Amino acid sequence: MSQGLAGAPARAAATVAPRLRWPAVLLFASGAAALVYQVLWIKQLALIVGVDVQAVSIGVGAFFAGLAVGGGVLGRLADRSTRPWHLYAVLEVAAAVLGVGVTWALGHSAESFVWLLARVGPLAWALPLVLVAVPATLLGGTLPVLMRALAPALERLAGAGARLYAANTFGAIVGTLLGAFVLIPWLGLRGSAWAAALLNLLAAAGAIWLAGRVPAAAVAANASPMAASHSRAETSAAEALRPAQVQWALVLYALAGALALGYEVVWSQAIVQFTSTRSFAFAIVLATYLLGLVLGSALVARWADRLRDPWSAFAWFIGGAGALALLEVSVLGPWLVQAQSVAESVARSLGAGDLIRMSVRFAVAGFSLVFLPTLLLGAAFPIALRLAADAQRVGTGVGRVLALNTLGGIVGTALAGFVLVPWLGLVYSLAVLAVGACAVALISVFAGHGVRPVARLGVAALAVAVFGAAWMAPPERLAQLLTEARGGRLDFYEESRGATVAVIEQRSGSNRFHRLYIQGVSNSGDAMTSRRYMRLQALLPLIVHGGEPRSALVIGLGTGITAGALLAWPGLNERVVVELLPAVVRAAPNFRGNYELTTDPRMDIRLRDGRRELLQSEQRYDLITLEPPPPSAAGVVNLYSTDFYRLAARRLQTGGLIAQWLPLPTQNNDDTRALVQSFLAVFPYATLWTTELHEMMLVGSMQPIVLNGARIAARFAQPSVHAALAEVGVTTPAALMATWVGDRAMLERYAGDSPQVTDDRPRIEYASWVRLNEFPGQLTQLLQARSEPPLQGADASVLRDIEHERSVLLRFYSAGLNAYRGDRAGWASDIRAVMREDPDNPYYRWFVGPTGR
């Protein structure tokens, strides 16, 4: 009898070890599918409820709440199941069906959401939240159900659970990278959902296969009277300590989840100035975060079950993660940029392409700021399993640990995003989280059972050190780094909800100007070049409008120059601008040329997502003009898609115009062709204008766009309009018409057979890194395809004036292209010719200085 009891754990452990390999593969596939769904659904939620950080956070919270409910409820269900392998297979099949169905439904829910919102108010949120939460519930139950199917002995629970958790999280890493680099660019959103569903189905098939291969005795061994009596003997002490041990472990691991997701919120803003706002950067940083969790959990899994003092280990991991997170931000400096440059150079020497070199830069930033703290956070998971779960109720124990940790993560995300960062800023928010981590560590060593006094002293010393560092942490650290990296003087800085906004005064030659940085990335400024294209972005379509424009909407405030230009148009009764970030509105007074629009009562500034504004409001406009960030930035491409243009077209008055900013250097030529194709797919009447060397503007309408010479001249002659355009070098109607590039026929020739950009296929967002040497070719190709403006009622002298202005402008563009090519002699020759023809033009003079000729 005693020998049989002694041999039972060994036999169970021997049976479990080989069985972990294939279950780990199942959870790997399931984790990859789950992260693909998460990425897809968050993107789609942003199109339904808006990109506003609160709206998206609610959607993300619904996903995590589903995971938490699934872990708790399905874990208990698994403990009562006599066929847990089949239960796991059912979950995966249901996840596949719902994953595809929800992706389709979310893609068609925007109109329904707005309709419900107008009739039932906040209850309308149930539509997108339930769509996301229900399949997430199934995904949240996979790990505890599979653990129940394996039913390892108590002493192997922590190690087995950590290995399976690591496999599941490693799958999430692959899903994150696969979605950004392969699936969405190649298959689009719905195609990616089908690919994720295939992974679910493969996991289900694998579970059915394993159910037939795992001997029934292996499962029954854990439920036999001998094994049960042995397990009860082994766990009787733990049961006696349950109020002090298990419940504390669950609460503290929930707090650890809040801290972990709080770190992620802060890191996502702090790291952007070292990466970019591209989707690739976010995917790589998230993958780095998950990799730390994987490796930490996998490393500790080897000895978690043998620890004599698990409470101390848990405390050191959680407290150490907070200390490292604070330390890494404190020592950030130019060394990180230098390290990125070195890594990129090494990648280039190995023959890596643009995309790989870019990814290497992102990875260096992620590993420098994120990896080590998450390594320690991941190491805490097997310890939490050791303290809070047992072999008698595997599904319940594992599910409860995961559920409470996930719920804690929801709270941490909301607390960091809506309270800490807006109130305290990024550095102090991280300091608060680090202090919170040390508080969790202190509770662990003082509330835990069997903690040695030396461990308590060590954790207390760590807490004192972290508190001191938090007290002395420089709150302006990230602002200093941004200013040092970009050069100039910081005039405005706010670490606001959802983004960091800064205004830096810089100089180019003898010219001084202010530049707007959002998340550390330049978003234009008030240099002459910027003021020129932004003034034209508002005033040119108003001048060529076929009717009498009375209302205008600007999507994206930015520097305020485009929206402010509406104040120069005397005939408008409604001037509306929508802006996502309140901090951008507060930064606007720092820019010249926006007519102080933030204090002008004629300007209606609405703080909301631009697409949500068009969905929610039935208001119609004579002009809708857009100045969003470049289309390559994450989440912005949906303001350049055919789906968006169809929505915008419904908000135009008869004869109304839409003006879309079309930057050239921020995407490759193929991408620019796709953007043009998307515009042409909606607007039967489309024109192209050049508003600056690097910028163009698409103007479209559902009705013919008639260029009437007399009407254009009369509108240009309005004193406020003339003054606004003359300030940026457009001094006559002829100079305005000289910016014409072509009509729809010309645009069709340029776009060719390029595919459209749609909400389902946001390919521009996932295009490979911009090749700057393509810009001269893009501009040259567009200008060579130009046509004559179809100006009605213009005599020969007017046409001669337009041709003269165009020749000067094109000579100036030739000078700019020569500068890009490194042809200094060509630049000098062209710019001298330009200055001879138009020596007083402020736009041209900005490039040569006050004494240039």
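By convention here, the first residue in the shown sequence is residue 1. Here the structure is a predicted model, which means the values were calculated and not measured.
- Separation of atoms CG (Leu250) and CD (Gln247) is listed at 5.5 Å; rounding is to 0.5 Å.
- For the pair Val39/Thr176, no side-chain contact is recorded, criterion being any heavy-atom separation below 4.5 Å from C-beta on.
- A distance-only check finds a donor-acceptor pair linking the side chain of Ser429 to the backbone of Val421 [under 3.5 Å].
- The CG atom of Asn168 sits 9.5 Å away from atom CG of Leu146, with the distance rounded to the nearest 0.5 Å.
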Fill in: Criterion side-chain contact (heavy atoms from CB on, under 4.5 Å) on Tyr165 and Leu293, from CA distance to verdict
CA-CA 9 Å; Tyr165 171 79; Leu293 298 180; 4.1 Å; yes

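- Here the OG-CD1 distance, from Ser444 to Ile383, works out to 11.0 Å after rounding to the nearest 0.5 Å.
- In this structure, OH on Tyr88 lies 14.5 Å from OG on Ser81, to the nearest 0.5 angstrom.
- Looking only at side-chain heavy atoms (C-beta outward), Tyr263 and Leu430 come within less than 4.5 Å of each other.
- For the pair Gln519 and Ala499, the tightest heavy-atom approach, listed with the atom from each and the gap, is OE1-CA, 3.4 Å.
- Separation of atoms CD1 (Ile271) and CD (Glu328) is listed at 9.5 Å; rounding is to 0.5 Å.
- Remark: side-chain polar atoms of Thr406 are paired, donor with acceptor, to backbone N or O of Leu402 under 3.5 angstrom.
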Worksheet item: What's the verdict on side-chain contact (heavy atoms from CB on, under 4.5 Å) for Val73 and Thr137, showing C-alpha distance, side-chain angles and the deciding distance?
Response: CA-CA 9 Å; Val73 174; Thr137 300; over 6 Å; no

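- When all heavy atoms of Ala321 and Pro373 are compared, the closest pair comes out as CB-O, 3.5 Å.
- Annotation: side chain of Thr374 is not in contact with side chain of Thr288 (no heavy-atom distance under 4.5 Å).
- Annotation: side-chain contact (heavy atoms from CB on, under 4.5 Å) contacts of Trp303 (sequence neighbours excluded): Val300, Arg306, Leu307, Phe317.
- Residues Cys438 and Leu462 come closest through the heavy atom pair SG-O, 4.3 Å.
- Proximity of a side-chain donor or acceptor of Tyr253 to a complementary backbone N or O of Ala380 within less than 3.5 Å is not detected.
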Discussion item. As a quick check of understanding, evaluate side-chain contact (heavy atoms from CB on, under 4.5 Å) for Val329 and Leu426, giving each step before the final call.
Written reply: CA-CA 10 Å; Val329 168; Leu426 293 174; over 6 Å; no

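- Contact between Ala68 and Ala403 at its shortest, heavy atoms only, is O-CB, 3.1 Å.
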Fill in: side-chain contact (heavy atoms from CB on, under 4.5 Å) assessment of Val49 paired with Trp125
CA-CA 9 Å; Val49 302; Trp125 283 86; 3.6 Å; yes

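- When each of Leu67, Leu35, Leu91, Leu74 is tested with Leu139 by the rule side-chain contact (heavy atoms from CB on, under 4.5 Å), just one qualifies, namely Leu67.
- Within a 6.0 Å radius of CZ in Phe467, other residues, nucleotides and ligands contribute 12 heavy atoms or fewer.
- Between the side chain of Thr169 and the main chain of Ala172, no donor-acceptor pair closer than 3.5 Å is present.
- Taking each heavy atom of Pro144 and Gly140 in turn, the nearest pair found is CD-O, 3.7 Å.
- Judged by distance alone, the side chain of Glu92 and the main-chain N or O of Leu202 form no donor-acceptor pair under 3.5 Å.
- Atom OG of Ser297 and atom CG of Leu377 lie 11.5 Å apart (nearest 0.5 Å).
- In this structure the side chain of Leu210 reaches within 4.5 angstrom of the side chain of Leu26, judged on heavy atoms.
- The shortest side-chain heavy-atom distance between Val246 and Arg400 falls under the 4.5 Å cut-off.
- Within 6.0 Å of CZ in Phe170 there are 12 or fewer heavy atoms belonging to other residues, nucleotides or ligands.
- No side-chain heavy atom of Leu255 sits less than 4.5 Å from a side-chain heavy atom of Ile318.
- Residues Ser268 and Val285 are not in side-chain contact: their nearest non-hydrogen atoms beyond the backbone lie 4.5 Å or more apart.
- Nearest heavy-atom pair, Leu199 versus Ala32, reported as atom, atom and distance to 0.1 Å: CD1-CB, 3.9 Å.
- Counting only heavy atoms from C-beta outward, the side chains of Arg302 and Arg163 approach each other to under 4.5 Å.
- Below 30°, between 30° and 60°, or above 60°: for Phe371 and Phe367 the angle between ring planes is between 30° and 60°, a tilted geometry.
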